[in-house]
K.L.:
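I have a structure here, written as structure tokens, and I will follow up with some questions on it.
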Amino acid sequence: MVCVKRVLDPQVKARVKADGSGVDLANAKMTMNPFCENALEEALRLREAGTADEIIVASVGGGKTEETLRHGLAMGADRAIQVVTEDALEPLAIAKVLKNIAEQEDVGLVLAGKQAIDDDSNQTAQMLSALLGWSLATFCSDIKFDGDKATVIREVDAGLETIEVKMPAVMSADLRLNEPRYVKLPDVMKAKRKPMDKIELDSLGLDTANRLTTLQVEEPEGRAAGVIVNSVSELVEKLRNEAKVI
Amino acid sequence: MGNLVIVEHDNNEVAAATLHAVTAAQQIGGDIDLLVAGESCGSVADAAAKIAGVNAVKVADDAKFGHHLAENLATLIVEVAPAYSHVLASATTFGKNVMPRAAALLDKAQISEIVEVKSPDTFVRPIYAGNALATVQSSDEIKMITVRTIKFEAAAAEGGSANVEAISGGVDAGLSSWVSQAVSNNDQVDLTSAKIVVSGGRGMQSGDNFGMLHSVADKLGAAVGASRAAVDSGFVPNEFQVGQTGKVIAPDLYIAVGISGAIQHLAGMKESKVIVAINNDSEAPIFQVADYGLVADLFEAVPELDAAL
Ligand SMILES: Cc1cc2nc3c(=O)[nH]c(=O)nc-3n(C[C@H](O)[C@H](O)[C@H](O)COP(=O)(O)OP(=O)(O)OC[C@H]3O[C@@H](n4cnc5c(N)ncnc54)[C@H](O)[C@@H]3O)c2cc1C
Ligand SMILES: Nc1ncnc2c1ncn2[C@@H]1O[C@H](COP(=O)(O)O)[C@@H](O)[C@H]1O
């Protein structure tokens, strides 16, 4: 199972709403979270290598989430599950929902992105692994499966760490895990005929109440305009005598 | 109730990032205890006890915590946490890995990468690559928090004399095991705490050309950083990456060389005190955040800068 999230396109700069209630997403260009594309690409390669039989893309979200799942199907996933809710759930609640789906579907591996580029939480995969009681491998840049275990290279602050995890596991993809494939038009057409299950969040009977209340969303202070210097010597002079940083 | 700060360390030394998390705990208020989990980590516990403002240090010295595997460490945090109102870790790859696992086991939300403490239950955190700041209020009775280090000064590493108490607990989940760690460059000045950082982007064209930046950095006592494009192109290893998905830093001086200034890169360096951009494209977005911009070919400007220093 690959968990995918619909987010604001990474090329678009987020605009804060004037009333401070959030970020304005009306008419904004939305895409699949880039890290989720890496997670899905890895799953597709596993199926191509004969390690995985079937790939489910799962997403929790409102009406338009279907578009993101269709993109996942066009990339090559076999079927899609949308847990439908218009509420913006927190990672803990998302993890509870995804646990429920992973168990119902009896999946052997969950791949997620390391971070959703809208909330920048970097939590869901870790939380899901905890709720399932499964192994966890975060920030993966290389994954090799060998029977009931996998060897994973993780991108950590000090460099690269290699760990071995028992299956089943939850893994979160870093951007250097792979290069996601492009979707071709025939794939888009094929994706329209692939199965898409919709499950109402309420029908799962889970406690998905948010624990955090967003009181305000504001724009950070901008930086004052700087100057263009004309030469390296002017730059060095300014750094020494004006900014006094060297 | 009070605060529990999870100490990040390598079984020898306390990571600098932890000192910033201690400061966030001070701002929340109440007692501060530290949790040191590791293997043969006595020197870490001793150092932790000297951090100013710390009440007690709890040490779980056990092979199962030797490599900080999230599955094992989370079980310990879950046992210790209920005595506290706040559990904090730095928002490093260490904290990001283990804290959400522990939070979920406790059925608590996590408040990721706080940049400000408004009150004991209200915090500010960046979203959308730092293009928005959200103020959030938590209703959980234990607040699980990771701390963005650049927004909190480091607590004094000396001056405290906390009690050190050995504890046992947690389980070996037997789910994963550590194999190895590759650290590419030990001589490099630490990127996250450096006062000056010289970063290169795709414009550098090769790993060899980063030698020019290392030379400038050596003269300035600076660390070398990079954009994602430079890392993806294989010029430098992943730990050099600055940005939304790499390291978030705020040195006194950041020199961006051959970096265009994408949103995701700015997210990691725009809090720097002084920003210099060297780029031959006068339209590059990096100039919009630069205090000093130099429109020039880096292959001429950088050697000249090196000579001028
Ligand atoms: C989800 C996501 C997360 C990301 N996370 C990060 C992140 O954490 N960090 C990050 O950096 N990026 C990140 N990126 C990538 C980011 O969007 C940009 O692609 C990247 O920062 C570009 O790197 P660059 O500026 O080195 O390369 P380019 O954008 O290609 O810019 C190269 C610059 O070098 C200049 N140049 C070329 N030759 C010379 C010369 N001879 N002299 C002077 N100047 C020259 C050019 O004018 C240009 O401005 C992320 C992207 C996504 C989608
Ligand atoms: N609403 C969602 N539906 C499905 N997967 C999600 C959702 N939110 C987050 N995820 C997964 O969790 C990853 C990390 O998200 P986050 O913890 O929010 O930073 C994403 O890349 C997705 O793989």
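These numbers were taken from a predicted model, which means no experiment stands behind them. Residue numbers begin at 1 in each chain, while the letters A, B, ... track the order of the sequences.
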K.L.:
Against chain B, label A:Pro220 side chain, backbone, both or neither, depending on which of its atoms sit under 4.5 Å from a heavy atom there.
P.N.:
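Its backbone and side chain both get close to chain B.
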
K.L.:
Taking all heavy atoms of B:Ala103 and all of A:Met127, pick out the closest pair and write down the distance.
P.N.:
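Of all heavy-atom pairs spanning B:Ala103 and A:Met127, the closest is CB-CE, 3.9 Å.
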
K.L.:
I'd like to know if the side chain of B:Gln110 reaches the main chain of A:Gln123, judged simply by a donor and an acceptor atom lying under 3.5 Å from each other, with no hydrogens or angles considered.
P.N.:
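Flag not set: sc B:Gln110 to bb A:Gln123 has no pair under 3.5 Å.
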
K.L.:
If I compare all heavy atoms of B:Val289 with all of A:Arg223, which pair ends up nearest, and what's the gap?
P.N.:
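Between these two residues, the closest heavy atoms are O-NE, 3.1 Å.
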
K.L.:
Where on A:Ser231 is there a heavy atom nearer than 4.5 Å to chain B: the side chain, the backbone, both, or neither?
P.N.:
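When you check distances to chain B, only backbone atoms of A:Ser231 fall under 4.5 Å.
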
K.L.:
Measure distances from B:Leu309 to the heavy atoms of chain A and classify the residue's part below 4.5 Å as side chain, backbone, both or neither.
P.N.:
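Both backbone and side chain.
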
K.L.:
Taking it one step at a time, do A:Arg211 and B:Asp107 satisfy salt bridge (Lys or Arg N to Asp or Glu O under 4.0 Å)?
P.N.:
CA-CA 10 Å; A:Arg211 311 296 177 79; B:Asp107 193 33; 3.1 Å; yes

K.L.:
Roughly how far, to the nearest 0.5 Å, is the CD1 atom of B:Ile255 from the CD1 atom of A:Ile246?
P.N.:
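Between atom CD1 of A:Ile246 and atom CD1 of B:Ile255 there are 7.0 Å.
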
K.L.:
Restricting to non-hydrogen atoms, name the atom on A:Asp157 and the atom on B:Glu239 that form the minimum distance, rounded to 0.1 Å.
P.N.:
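Nearest pair, atom of A:Asp157 first, then B:Glu239: O-CB, 3.2 Å.
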
K.L.:
What part of B:Lys195 gets within 4.5 angstrom of chain A, counting heavy atoms only: side chain, backbone, both, or neither?
P.N.:
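Contact with chain A involves no heavy atom of B:Lys195 at all.
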
K.L.:
Has A:Lys13 got a side-chain atom pairing as donor or acceptor with B:Ile263's backbone, closer than 3.5 angstrom?
P.N.:
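It does not hold such a pair.
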
K.L.:
May I ask you to decide if A:Ser121's main-chain N or O and B:Ser112's side chain share a donor-acceptor pair within less than 3.5 Å?
P.N.:
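At least one qualifying donor-acceptor pair exists.
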
K.L.:
Quick check on B:Lys96 against chain A: is it the side chain, the backbone, both or neither that has a heavy atom closer than 4.5 Å?
P.N.:
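Answer is both: backbone and side chain atoms of B:Lys96 are under 4.5 Å from chain A.
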
K.L.:
Check each atom of B:Ala132 against the heavy atoms of chain A and say whether the ones under 4.5 Å are side chain, backbone, both or neither.
P.N.:
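Interface part for B:Ala132: both.
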
K.L.:
Between A:Val245 and chain B, which part of the residue has a heavy atom less than 4.5 Å away: side chain, backbone, both or neither?
P.N.:
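When you check distances to chain B, atoms from both the backbone and side chain of A:Val245 fall under 4.5 Å.
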
K.L.:
Does A:Glu234 CD have over 12 foreign heavy atoms under 6.0 Å away?
P.N.:
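Above 12, so yes.
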
K.L.:
Counting only heavy atoms closer than 4.5 Å, note whether B:Glu141 contacts chain A via side chain, backbone, both or neither.
P.N.:
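B:Glu141 has no heavy atom closer than 4.5 Å to chain A.
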
K.L.:
Given heavy-atom pairs under 4.5 angstrom as the criterion, report whether the side chain, backbone, both or neither of B:Phe123 touches chain A.
P.N.:
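No part of it gets close to chain A.
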
K.L.:
For A:Glu90, which atoms come within 4.5 Å of any heavy atom of chain B: side chain, backbone, both, or neither?
P.N.:
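The answer is the side chain of A:Glu90.
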
K.L.:
Can you confirm whether more than 12 heavy atoms, excluding those of B:Glu13, are under 6.0 Å from its CD atom?
P.N.:
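Counting other residues, nucleotides and ligands, CD of B:Glu13 stays at 12 neighbours or fewer.
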
K.L.:
Could you check B:Glu113 against A:Asp120 for side chain to side chain contact (heavy atoms under 4.5 Å, CB included), going step by step and ending with a plain yes or no?
P.N.:
CA-CA 9 Å; B:Glu113 301 212 29; A:Asp120 283 332; over 6 Å; no

K.L.:
Would you mind telling me which of B:Asp140, B:Ile111, B:Leu220, B:Leu253 has the largest number of heavy-atom pairs within less than 4.5 Å of chain A?
P.N.:
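Highest number of pairs under 4.5 Å: B:Asp140.
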
K.L.:
Is there a side chain to side chain contact (heavy atoms under 4.5 Å, CB included) between B:Thr93 and A:Glu161 once you walk through the steps?
P.N.:
CA-CA 11 Å; B:Thr93 51; A:Glu161 182 185 68; over 6 Å; no

K.L.:
Flag the one option from B:Ile127, B:Thr135, B:Asp121, B:Asn131 with the top tally of heavy-atom pairs under 4.5 Å to chain A.
P.N.:
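Top option by heavy-atom pairs under 4.5 Å: B:Thr135.
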
K.L.:
Between B:Lys118, B:Glu300, B:Arg228, which residue shows the highest count of heavy-atom pairs closer than 4.5 Å to chain A?
P.N.:
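Most pairs with chain A among the choices: B:Arg228.
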
K.L.:
Looking at CG of A:Asp118 and OH of B:Tyr128, how far apart are the two atoms once the value is rounded to the nearest 0.5 Å?
P.N.:
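The distance works out to 4.5 Å.
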
K.L.:
At a heavy-atom separation under 4.5 Å, does A:Val12 approach chain B through its side chain, its backbone, both, or neither?
P.N.:
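Just its backbone gets close to chain B.
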
K.L.:
Quick one: pull up CG in A:Leu239 and CG in B:Leu305 and give me the separation to the nearest 0.5 Å.
P.N.:
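Output value for this atom pair is 8.0 Å.
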
K.L.:
Is chain A contacted by the side chain of B:Leu133, its backbone, both, or neither, given a heavy-atom distance below 4.5 Å?
P.N.:
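Both backbone and side chain.
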
K.L.:
Can you tell me if A:Lys17 has over 12 outside heavy atoms packed within less than 6.0 Å of its NZ?
P.N.:
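Yes, the 6.0 Å shell around NZ holds more than 12 heavy atoms from other groups.
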
K.L.:
CZ of B:Arg125 to CG of A:Asp119: how many Å apart, nearest 0.5 Å?
P.N.:
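Nearest 0.5 Å value for the CZ-CG distance: 6.5 Å.
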
K.L.:
Quick one: pull up OG in B:Ser139 and CG in A:Leu212 and give me the separation to the nearest 0.5 Å.
P.N.:
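Going from the OG atom of B:Ser139 to the CG atom of A:Leu212 covers 7.0 Å.
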
K.L.:
Relative to chain A, which segment of B:Ala74 carries a heavy atom at a distance below 4.5 Å: side chain, backbone, both, or neither?
P.N.:
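The answer is neither part of B:Ala74.
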
K.L.:
Check each atom of B:Thr146 against the heavy atoms of chain A and say whether the ones under 4.5 Å are side chain, backbone, both or neither.
P.N.:
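Contact with chain A is absent: no heavy atom of B:Thr146 under 4.5 Å.
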
K.L.:
Which is it for A:Asp174 and B:Asn238 under the side chain to side chain contact (heavy atoms under 4.5 Å, CB included) test, yes or no, and what are the steps along the way?
P.N.:
CA-CA 11 Å; A:Asp174 220 314; B:Asn238 65 288; over 6 Å; no

K.L.:
Checking B:Val124 against chain A: side chain, backbone, both or neither under 4.5 Å from a heavy atom?
P.N.:
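It is neither, since no heavy atom gets under 4.5 Å.
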
K.L.:
Is it the case that atom NZ in B:Lys219 sees more than 12 heavy atoms from other parts of the structure closer than 6.0 Å?
P.N.:
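More than 12 heavy atoms, drawn from other residues, nucleotides or ligands, come within 6.0 Å of this atom.
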
K.L.:
Identify which part of A:Leu92 has an atom lying under 4.5 Å from any heavy atom of chain B, answering side chain, backbone, both or neither.
P.N.:
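Only the side chain of A:Leu92 comes within 4.5 Å of chain B.
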
K.L.:
How long is the span from the NZ atom in A:Lys149 to the OG atom in B:Ser176, to the nearest 0.5 Å?
P.N.:
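That separation rounds to 13.5 Å.
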
K.L.:
Among A:Val16, A:Ile153, A:Val23, A:Thr151, which residue has the highest count of heavy-atom pairs closer than 4.5 Å to chain B?
P.N.:
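Looking at each of A:Val16, A:Ile153, A:Val23, A:Thr151 in turn, A:Val23 comes out on top.
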
K.L.:
Of the non-hydrogen atoms in B:Phe287 and A:Ile228, which two are nearest, and what is the gap between them?
P.N.:
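That would be CD2-CD1, 4.0 Å.
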
K.L.:
Of the backbone (N, CA, C, O) and the side chain (C-beta and beyond), which part of A:Ile117 lies under 4.5 Å from a heavy atom of chain B, both, or neither?
P.N.:
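When you check distances to chain B, atoms from both the backbone and side chain of A:Ile117 fall under 4.5 Å.
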
K.L.:
Within the distance-only criterion (no hydrogens, no angle test), does the side chain of B:Glu71 pair as donor or acceptor with the backbone N or O of A:Leu136 below 3.5 angstrom?
P.N.:
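A pair under 3.5 Å: yes.
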
K.L.:
Measuring heavy-atom distances to chain B, does A:Lys114 have an atom under 4.5 Å in its side chain, in its backbone, in both, or in neither?
P.N.:
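Side chain of A:Lys114 only, per the 4.5 Å heavy-atom cut-off to chain B.
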
K.L.:
Given a strict heavy-atom distance threshold of 4.5 Å, which part of A:Val227 is in contact with chain B: side chain, backbone, both, or neither?
P.N.:
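Answer is both: backbone and side chain atoms of A:Val227 are under 4.5 Å from chain B.
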
K.L.:
Under 4.5 Å from any heavy atom of chain B, what part of A:Val156 do you find: side chain, backbone, both or neither?
P.N.:
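Both parts, backbone and side chain.
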
K.L.:
Which heavy atom in B:Asn97 sits nearest to a heavy atom in A:Thr138, and how many Å separate them?
P.N.:
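So the minimum-distance heavy-atom pair works out to OD1-OG1, 2.6 Å.
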
K.L.:
Measure from the side-chain N and O atoms of B:Gln181 to the backbone N and O of A:Gly159, and report whether any donor-acceptor pair falls under 3.5 Å.
P.N.:
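Side chain of B:Gln181 to backbone of A:Gly159, a donor-acceptor pair under 3.5 Å: no, none is there.
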
K.L.:
For A:Arg15, which atoms come within 4.5 Å of any heavy atom of chain B: side chain, backbone, both, or neither?
P.N.:
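Neither part.
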
K.L.:
Compare every heavy atom of B:Leu105 with every heavy atom of A:Ala130, then report the nearest pair and how far apart it is.
P.N.:
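Scanning both residues completely, I find the closest heavy atoms to be O-CD2, 3.6 Å.
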
K.L.:
Could you look at A:Ala243 and say if it's the side chain, the backbone, both or neither that has a heavy atom under 4.5 Å from chain B?
P.N.:
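For A:Ala243, the contact with chain B is made by backbone and side chain together.
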
K.L.:
Let me know if A:Gln115 has heavy atoms under 4.5 Å from chain B in its side chain, its backbone, both or neither.
P.N.:
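A:Gln115 touches chain B through side-chain heavy atoms alone.
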
